Each structure stands twice: as C-alpha cells, then as structure tokens.
Peer 1: 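This is the structure I want to talk about, given as structure tokens.
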Amino acid sequence: MSLAQISMRFWMAAMPAISVIAPIIAALLAVMGCVLRWNEVSSLFRRFVLRRSRYDYRKIFQEYLERFNAITDRRELYPALLAAACRILSASGASLVIRDSSDRFQMKASCGLRPFGFDLASFASFLEWLESYRKIVTRKEFVSDKAVRAAKNDGLRYCVQFNAEACVPLFVSDRLYGVINLGERKKGGYDAETKDLLRLLAVQFATAIHNANLYQALIRQNRELQEAAHLKTQLLANLSHELRTPLTSIMGLAELMADGADGPLSEEQRGHLTLIRKGGERLLATVVSMMDLSRIEANKLELDVQKVNLRRLVSKIAEEIRLKRGLALENNLEDGTPGVFGDEKRLGQVIRHLLDNAVKFTDSGKISIGAKKCGEMLQVSIKDTGIGIPPEKQRAIFDGFVQADGGVTRSHEGLGLGLTISRKLVELHGGRMWLTSKVGAGSEFNFTLPLKPVGVFNALRTPD
C-alpha cells in the first residue's frame with residue numbers, strides 16, 4: 001500500500017472525531033478571547049451600566065490632595081506627589097520634569113526608578129508638541145493612534161528614556177508647567193477611566209507645585225527685603241555718625257569766630273558765620289533724625305516711660321513755635337485733659353514736628369490742637385488750613401523721604417523723615433497715627449496714646 005493511500009485512510013477515519021472536537025476548540029478560543037478582553041468589558045459595564053468607578057475619588061482627594069496643599073517645601077512635595085501617583089494608579093514608577101523660570105525643563109524627582117539625569121534640550125520639540133496637544137498620551141497610542149503619529153518618533157524616544165508608559169502634562173494658566181511620566185501599570189493599561197482620574201490629579205498636582213513655588217518665591221523676596229532693610233539701617237547709622245562729628249566742630253568753630261575769638265570781624269563776616277551756623281544746625285537736625293530712624297528700625301531706642309501732663313507739654317512747645325504773619329495757633333486742650341504714659345521727650349518730638357509741619361505748609365488761617373478720650377487711649381489731633389495732601393500721596397507720606405510737594409522744584413525744605421519717625425514713635429508707645437486731608441483745604445493728623453501703662457513698652461525696647 002502506498003503512502004498516499006495510508007494518509008487518505010487516516011484522515012477518513014479521523015474525520016468523525018475532528019467534527020466533534022472542532023466546535024469544542026472553537027468554543028475554547030472564544031472563551032479565551034473573552035477572558036483577554038475582560039478588563040475592557042468589565043470597565044465599560046461598571047462605568048456605563050452600574051455607574052460605578054473602580055477608584056474611590058473621595059478617599060483619594062481627602063487622603064492625598066489635602067495633604068499636598070499643605071506642603072510648601074518643593075524638595076518634600078515632588079517625591080510625595082510621585083509616590084502618591086504610583087500608589088493611586090498602581091504604577092511601577094514615576095518621574096517629574098519641571099519648567100524653570102528660564103523656560104528650561106529639568107528632571108526634579110523620581111519614584112520607583114533609578115536616579116538618572118540628562119539634558120532635556122534634545123526633547124524640546126516633543127515637549128512643544130505635548131504643550132499644544134494638551135492631553136495625556138501613552139506609549140501605546142504613539143504606536144497605534146493616527147492622531148499622534150506626527151510625534152511618534154520623538155514620543156517613543158522620550159518614553160524609552162524615562163521608562164514611561166504615560167506622559168501626563170501639568171498646566172498652569174495654559175502654560176506647560178511640567179510633565180509626570182508614569183511607568184507600567186500593574187493592573188491593566190491606561191484606559192479612559194484611568195485617564196479621567198489622571199486629568200483630575202494633574203490639575204491638583206500642578207496647583208500644589210505652583211503654590212509651593214509661589215511660597216518659596218515669597219520667602220526669598222522677604223529675605224531679600226529684610227537684608228535690604230538691614231543694610232539701609234546700617235548705612236543710616238554709619239552715615240549719621242560720620243556726619244555728626246565734623247558738623248559739631250564746624251558749628252563750634254563758627255560760633256567762636258563770630259564771638260571774636262580770632263580777632264575783630266566785620267558785620268558781613270558775622271553774617272556769613274551766622275549762615276554757616278544755621279546751615280549746620282539744619283544739617284545736624286537732619287543727621288539726628290536719620291540716627292533716630294536707624295535706632296527705631298533696629299529696635300534699639302529706649303523709652304523713659306512716665307506719666308506725662310500733655311496739656312502742659314503742648315503749651316510749652318506752642319510757645320516756642322514761630323508762626324507766620326496771619327497764622328494763629330489754638331491750644332484746645334483743657335485743664336482736665338487726662339495724662340498719658342510715655343517718654344515725655346519723644347512725645348514732645350512728635351508734637352513739635354507735627355506743629356512745625358503744619359506751620360511749614362500753612363500760609364494763613366489757623367492751626368488747632370485738640371484731644372479726646374477714646375476708651376483707654378487719648379486721641380490727639382492737630383489740624384491746619386494749609387495746602388493739603390493729594391490722595392495718591394497720603395499713604396506714602398509716612399514711608400520716609402517723601403513730601404507732599406516732592407520733586408526737584410519743591411518749595412519746602414527737609415528729607416521727609418519727620419512723619420516717618422513720628423508715626424514709629426507713636427507706635428512704640430502702643431498707639432497709631434493717621435491723617436485726613438483735602439488739597440487746598442488743609443490736613444488733620446491724629447494719633448493715640450495710652451492712658452494706662454502697657455506691656456508694649458518693655459516688649460519693644462531693646463537696649464544698645
């Protein structure tokens with residue numbers, strides 16, 4: 001019997017068995033196909049039929065995201081975000097790329113991966129594409145989705161370099177802020193439901209990182225401002241000290257010469273020496289103001305606190321004020337005005353400056369001083385009928401080196417430190433100072449002083 005005949009007889013004998021087994025094999029293959037697609041089928045059934053999600057959103061947002069918003073240190077925040085993303089999404093690893101202030105992308109943290117670093121400039125074109133695409137993209141999509149085919153080569157190279165299965169863009173104000181690269185998932189791929197969760201997480205992660213950056217920038221700016229303030233205070237102190245010594249010598253020698261110590265002088269020479277002395281006194285007053293300001297800002301100004309008869313103090317100062325012709329000064333403090341607690345010398349300095357200021361900026365009319373009790377404080381007001389202060393300058397008038405008529409052509413002398421020092425002295429006493437003013441209708445300065453001893457004196461006083 002030939003080989004062909006033997007083969008034919010074998011298949012004729014096997015045909016009945018094959019006809020029985022074939023449906024069974026087909027059924028097994030169908031079952032295997034259903035098993036392989038079960039994850040997708042179950043996900044669709046759960047989402048659209050049972051209306052349930054595999055993710056517990058309430059637990060995720062309470063357990064993770066609330067904690068992230070409280071982390072202000074970026075060195076702690078970055079790894080915490082990646083660790084949470086891996087736990088929530090069952091990812092094998094993750095890495096974070098952030099865009100810095102120079103518009104460069106840098107690797108900042110990784111989780112579940114070996115530490116690595118490289119130049120991200122070679123992926124600039126892919127990151128630009130991702131910024132315009134604005135969606136989460138997976139490695140699988142680069143291979144099979146026509147919509148991302150244009151970025152296939154760069155995208156696959158990026159994913160391989162970062163061991164990433166999904167790239168999650170982080171946006172702040174429509175600007176790509178960074179990218180979280182997620183590794184392989186232990187439970188299935190990145191389906192539509194997982195991408196929905198990733199989109200929510202991306203918004204929260206970007207917000208947390210942005211807030212941490214803003215906080216760090218604020219801390220840095222505050223530190224720089226404190227350093228600048230310290231340098232300014234030190235400069236004022238050094239400058240004041242260096243100016244005061246020669247000024248004292250100049251004024252003393254001018255006075256000796258005016259008295260004839262170096263021989264007889266003509267009237268013209270005496271007039272010149274008088275001008276030198278007056279100019280020196282004015283400059284010395286400015287130097288003293290600068291020294292006071294530097295000591296106050298350095299918390300090194302001591303207050304000699306005692307009970308002060310304010311009416312008597314104001315009356316004494318009012319008698320020494322030189323008024324212009326056509327200008328009157330009214331002291332409306334009554335005999336029953338209660339005494340205040342503070343440093344009489346420093347309070348006199350405040351009152352004198354406010355009165356001098358009122359005279360300087362008032363050509364005619366009157367200046368009035370009054371006081372009234374407000375709880376446990378005494379409110380003192382000094383009102384004039386002068387030029388007034390524009391609204392845009394009222395806030396800055398207490399900042400120092402500012403005058404109401406500031407500018408190169410201003411008509412009044414002074415550095416503009418008096419109000420700054422006066423307000424700080426009032427605040428050292430536990431009170432506050434404010435003003436109300438209208439251009440052409442005058443100004444009213446008010447400040448409060450304590451009627452009883454307060455602990456603020458000891459708290460704010462630091463000896464040299």
Side-chain angles (χ1 to χ4, degrees), residues 36-37 39-40 43-44 54-55 78-79 81-210:
L36 292 174
R37 303 284 293 178
N39 284 334
E40 297 180 15
S43 177
L44 292 173
R54 79 175 75 164
Y55 302 106
Y78 292 157
L81 291 176
L82 295 182
C86 289
R87 286 195 297 269
I88 295 170
L89 299 165
S90 300
S92 60
S95 59
L96 175 64
V97 172
I98 292 293
R99 193 177 208 163
D100 62 18
S101 58
S102 302
D103 218 30
R104 294 177 301 181
F105 286 91
Q106 295 183 1
M107 178 78 173
K108 291 296 183 181
S110 63
C111 175
L113 302 172
R114 291 181 180 178
F116 58 93
F118 51 87
D119 185 12
L120 280 165
S122 59
F123 294 106
S125 58
F126 170 71
L127 294 170
E128 289 177 4
W129 174 87
L130 190 62
E131 186 168 14
S132 61
Y133 186 61
R134 300 186 64 82
K135 297 178 183 177
I136 298 166
V137 61
T138 65
R139 186 188 300 196
K140 181 179 179 181
E141 289 172 330
F142 284 125
V143 176
S144 59
D145 194 340
K146 295 181 180 180
V148 297
R149 184 174 294 174
K152 177 180 178 180
N153 292 334
D154 288 341
L156 288 176
R157 189 165 61 92
Y158 180 90
C159 289
V160 169
Q161 187 70 62
F162 279 95
N163 299 321
E165 292 292 332
C167 302
V168 184
L170 307 177
F171 284 91
V172 174
S173 300
D174 293 329
R175 182 173 182 267
L176 184 63
Y177 204 67
V179 182
I180 289 182
N181 308 293
L182 292 169
E184 183 180 358
R185 276 175 54 75
K186 298 176 182 177
K187 298 178 181 178
Y190 292 90
D191 56 14
E193 186 178 5
T194 302
K195 285 186 175 181
D196 287 343
L197 175 59
L198 273 174
R199 278 189 283 272
L200 291 174
L201 290 176
V203 173
Q204 297 297 325
F205 288 174
T207 302
I209 295 172
H210 185 57

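Both backbone and side-chain heavy atoms feed into the values below; hydrogens, waters and symmetry mates do not. For clarity, every value in this text was computed on a predicted model and none was experimentally measured.
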Peer 1: Do Arg185 side-chain atoms and Tyr190 backbone N/O form a donor-acceptor pair below 3.5 Å?
Peer 2: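 Side chain of Arg185 to backbone of Tyr190, a donor-acceptor pair under 3.5 Å: no, none is there.
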Peer 1: Between Tyr158 and Phe162, how do the two ring planes meet: parallel, tilted or perpendicular, split at 30° and 60°?
Peer 2: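 Answer is tilted, since the angle falls between 30° and 60°.
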Peer 1: Less than 4.5 Å apart, side chain to side chain, heavy atoms only: is that true for Cys159 and Glu165?
Peer 2: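 SC-SC contact between Cys159 and Glu165 ruled out.
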Peer 1: In terms of side-chain geometry, is the basic nitrogen of Arg149 or Asp145 positioned less than 4.0 Å from the acidic oxygen of its partner?
Peer 2: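 Salt bridge: no.
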Peer 1: Check whether Glu141 reaches the backbone of Thr138 with its side chain - one donor and one acceptor, N or O, closer than 3.5 Å.
Peer 2: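 Yes, Glu141 side chain to Thr138 backbone: donor-acceptor pair under 3.5 Å.
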Peer 1: Report yes if the side chains of Phe105 and Arg99 come closer than 4.5 Å at any heavy-atom pair, otherwise no.
Peer 2: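 Phe105 vs Arg99: side chains touch.
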Peer 1: Which pair of non-hydrogen atoms, one from Leu170 and one from Ala206, has the smallest distance, and what is that distance?
Peer 2: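 Reported closest heavy-atom pair: CB-CB, 3.9 Å.
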Peer 1: May I ask you to test the Leu182-Ile180 pair for a side-chain heavy-atom distance under 4.5 Å?
Peer 2: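 Side-chain contact under 4.5 Å: yes.
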Peer 1: Under 4.5 Å between any side-chain heavy atoms of Leu156 and Val143, yes or no?
Peer 2: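 Touching, per the 4.5 Å side-chain cut-off.
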Peer 1: For the pair Asp191 and Lys195, evaluate salt bridge (Lys or Arg N to Asp or Glu O under 4.0 Å) and give the outcome as yes or no after the intermediate values.
Peer 2: CA-CA 6 Å; Asp191 56 14; Lys195 285 186 175 181; over 6 Å; no
Peer 1: Go through the steps for Phe171 and Glu131 under the test side chain to side chain contact (heavy atoms under 4.5 Å, CB included), then give the verdict.
Peer 2: CA-CA 8 Å; Phe171 284 91; Glu131 186 168 14; 4.1 Å; yes
Peer 1: Using 4.0 Å as the upper bound for N to carboxylate O, is an ion pair formed by Asp174 and Arg134?
Peer 2: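 So Arg134 pairs with Asp174 through a salt bridge.
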Peer 1: Any side-chain heavy atom of Leu197 within less than 4.5 Å of one from Ile88?
Peer 2: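 With C-beta onward as the side chain, the pair touches.
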Peer 1: Treating Ser92 as the side-chain partner and Glu184 as the backbone partner, does any N or O pair qualify as donor plus acceptor under 3.5 Å?
Peer 2: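 The answer is yes, because a donor-acceptor pair under 3.5 Å joins these two groups.
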Peer 1: Shortest non-hydrogen contact from Ala109 to Tyr78?
Peer 2: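 Here Ala109 and Tyr78 meet closest at CB-CB, 3.7 Å.
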Peer 1: If we only count heavy atoms from C-beta on, is the Val172 to Thr207 side-chain gap below 4.5 Å?
Peer 2: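 Of all side-chain heavy-atom pairs linking Thr207 with Val172, none is under 4.5 Å.
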